[in-house]
Amino acid sequence: GHPLLAACLDIGRRAIAGNWTLSEEQEVPGPTGRVPVELRASGLGADEFVVFVRDIAARKRLEAETAGMLRREREVSEMKSRFLSVASHEFRTPLATILSSAELLELYRDKFDPAETQEIFGNIRNGVERMAKMLDDVLMIGRAEALVPVLAARASQAESLRRCPDETIADYVESGL
C-alpha cells in the first residue's frame, strides 16, 4: 500500500487501542521527495478512527531557517564578545603607558632632562593617538553594523520592484520611494 495510508492506519489503530488522541510527525514519500507531515488521530469507537494529515514542509523550512538565524546570531554574539575582550586588552596597553608616563612626570619631573621629558610626553601622545584610532575603529564597526538592516530593507524594496509591473514601478517613482 501507499506509505501515507499505512502511516494513517498505524496511528489510527494506536489511537483506538489507547483510547486517546495521538499526534506525531513523520516523513512520507511525495512526488518530489520526502514530505514532512503531521498526523493527528482520534478513535471514534471500537473500530473507527479519524486521521488528519497536514503538510508541514513550510513550517519545517521556517524552523530550519530560524535555527540557522539563531546559530548565526550566537556566532555574531560570540564574535562581539571576543572583539570586546581583545579591544579591552588593546585599550589597557596604551592606558598603562599613559598612566606610568604621567606618574613618572609627577614623581620625578625635576630629575629628568628636557629630552627625557619630551620622550615621556611623546609616549603619552602616542598612547592617546593609539586609543583614539582604536576608538574610531570601534565606532566605524558600530556604524557599519547599523547600516545592515537599512541595506537589507533597500534590497527587499529593490526585489519587490523587480517583480512589479511597469505601472506600479511608476507609482513607486512618483511617490519618492
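A quick note: this is a predicted structure, and the numbers were derived from the prediction, not measured. Values reported hereafter were calculated over all heavy atoms of this structure, with side chains retained and with hydrogens, waters and symmetry mates removed.
If you chain together ILVMFWY residues whose side-chain heavy atoms come under 4.5 Å of each other, Leu99 ends up in a group of its own. Residues Leu44, Val50 make up the rest of the hydrophobic cluster containing Phe52, defined by ILVMFWY side-chain heavy atoms closer than 4.5 Å, directly or through other members.
Pro94 is not listed as a side-chain neighbour of Val128, based on a closest heavy-atom distance of 4.5 Å or more. The shortest side-chain heavy-atom distance between Pro29 and Val35 does not fall under the 4.5 Å cut-off. For the pair Leu39/Val37, a side-chain contact is recorded, criterion being any heavy-atom separation below 4.5 Å from C-beta on.
Every residue meeting the side chain to side chain donor-acceptor pair (under 3.5 Å) condition with Asp137, not counting sequence neighbours, appears here in chain and number order: Lys133. The side chain to side chain contact (heavy atoms under 4.5 Å, CB included) test applied to Asp113 returns Ala115, Glu116, not counting sequence neighbours. For the side chain to side chain contact (heavy atoms under 4.5 Å, CB included) test, no residue two or more places apart in sequence or in another chain qualifies with Ala96. Among residues two or more places apart in sequence or in another chain, the side chain to side chain contact (heavy atoms under 4.5 Å, CB included) test is passed with Leu9 by Leu5, Arg13, Phe49. Every residue two or more places apart in sequence or in another chain that forms a side chain to side chain contact (heavy atoms under 4.5 Å, CB included) with Leu95 is listed here: Met131.
When all heavy atoms are compared, the tightest approach of Ser101 to Asn123 is OG-CB, 3.7 Å. Ile98 and Ile124 get closest at one heavy-atom pair: CG1-O, 3.9 Å. Ala57 approaches Pro36 most closely through the heavy-atom pair CA-CG, 3.6 Å.
Counted within 6.0 Å of CZ on Phe112, heavy atoms from surrounding residues, nucleotides or ligands total more than 12; the atom is thus considered enclosed.
Grouping the Ile, Leu, Val, Met, Phe, Trp and Tyr side chains by contacts below 4.5 angstrom, directly or via other members, places Ile120 with Tyr108. Under the 4.5 Å side-chain contact rule for hydrophobic residues, Ile56 and Ile11 do not share a cluster. With hydrophobic clusters built from ILVMFWY side chains whose heavy atoms lie under 4.5 angstrom apart, Leu107 shares a cluster with Phe121. Taken together through direct or relayed side-chain contacts under 4.5 Å among Ile, Leu, Val, Met, Phe, Trp and Tyr, Leu62 and Leu70 form parts of separate hydrophobic clusters.
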Show the atom names and distances, to 0.1 Å, of all donor-acceptor pairs under 3.5 Å that link a side chain in residues 15-28 to residues at least two apart or in another chain.
{"unit_1": "Thr21", "atom_1": "OG1", "unit_2": "Ser42", "atom_2": "OG", "d": "2.8"}
{"unit_1": "Ser23", "atom_1": "OG", "unit_2": "Glu38", "atom_2": "OE2", "d": "3.3"}
{"unit_1": "Glu24", "atom_1": "OE1", "unit_2": "Arg14", "atom_2": "NH1", "d": "3.3"}
{"unit_1": "Glu24", "atom_1": "OE1", "unit_2": "Arg14", "atom_2": "NH2", "d": "3.1"}
{"unit_1": "Glu24", "atom_1": "OE2", "unit_2": "Arg14", "atom_2": "NH2", "d": "3.0"}
{"unit_1": "Glu24", "atom_1": "OE2", "unit_2": "Gln26", "atom_2": "NE2", "d": "2.6"}
{"unit_1": "Glu25", "atom_1": "OE1", "unit_2": "Lys60", "atom_2": "NZ", "d": "2.6"}
{"unit_1": "Glu25", "atom_1": "OE2", "unit_2": "Arg59", "atom_2": "NH2", "d": "2.2"}

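Here OG1 of Thr117 is found 10.0 Å from CG of Leu104. Values are rounded to the nearest 0.5 Å.
Each salt bridge (charged side-chain N to carboxylate O under 4.0 Å, His left out) pair with one or both residues in residues 117-129, not counting sequence neighbours, would appear here, but there are none. Screening residues 71-99 for side chain to side chain donor-acceptor pair (under 3.5 Å), with sequence neighbours left out, gives Lys80-Glu145, Ser88-Arg92, Glu90-Arg130.
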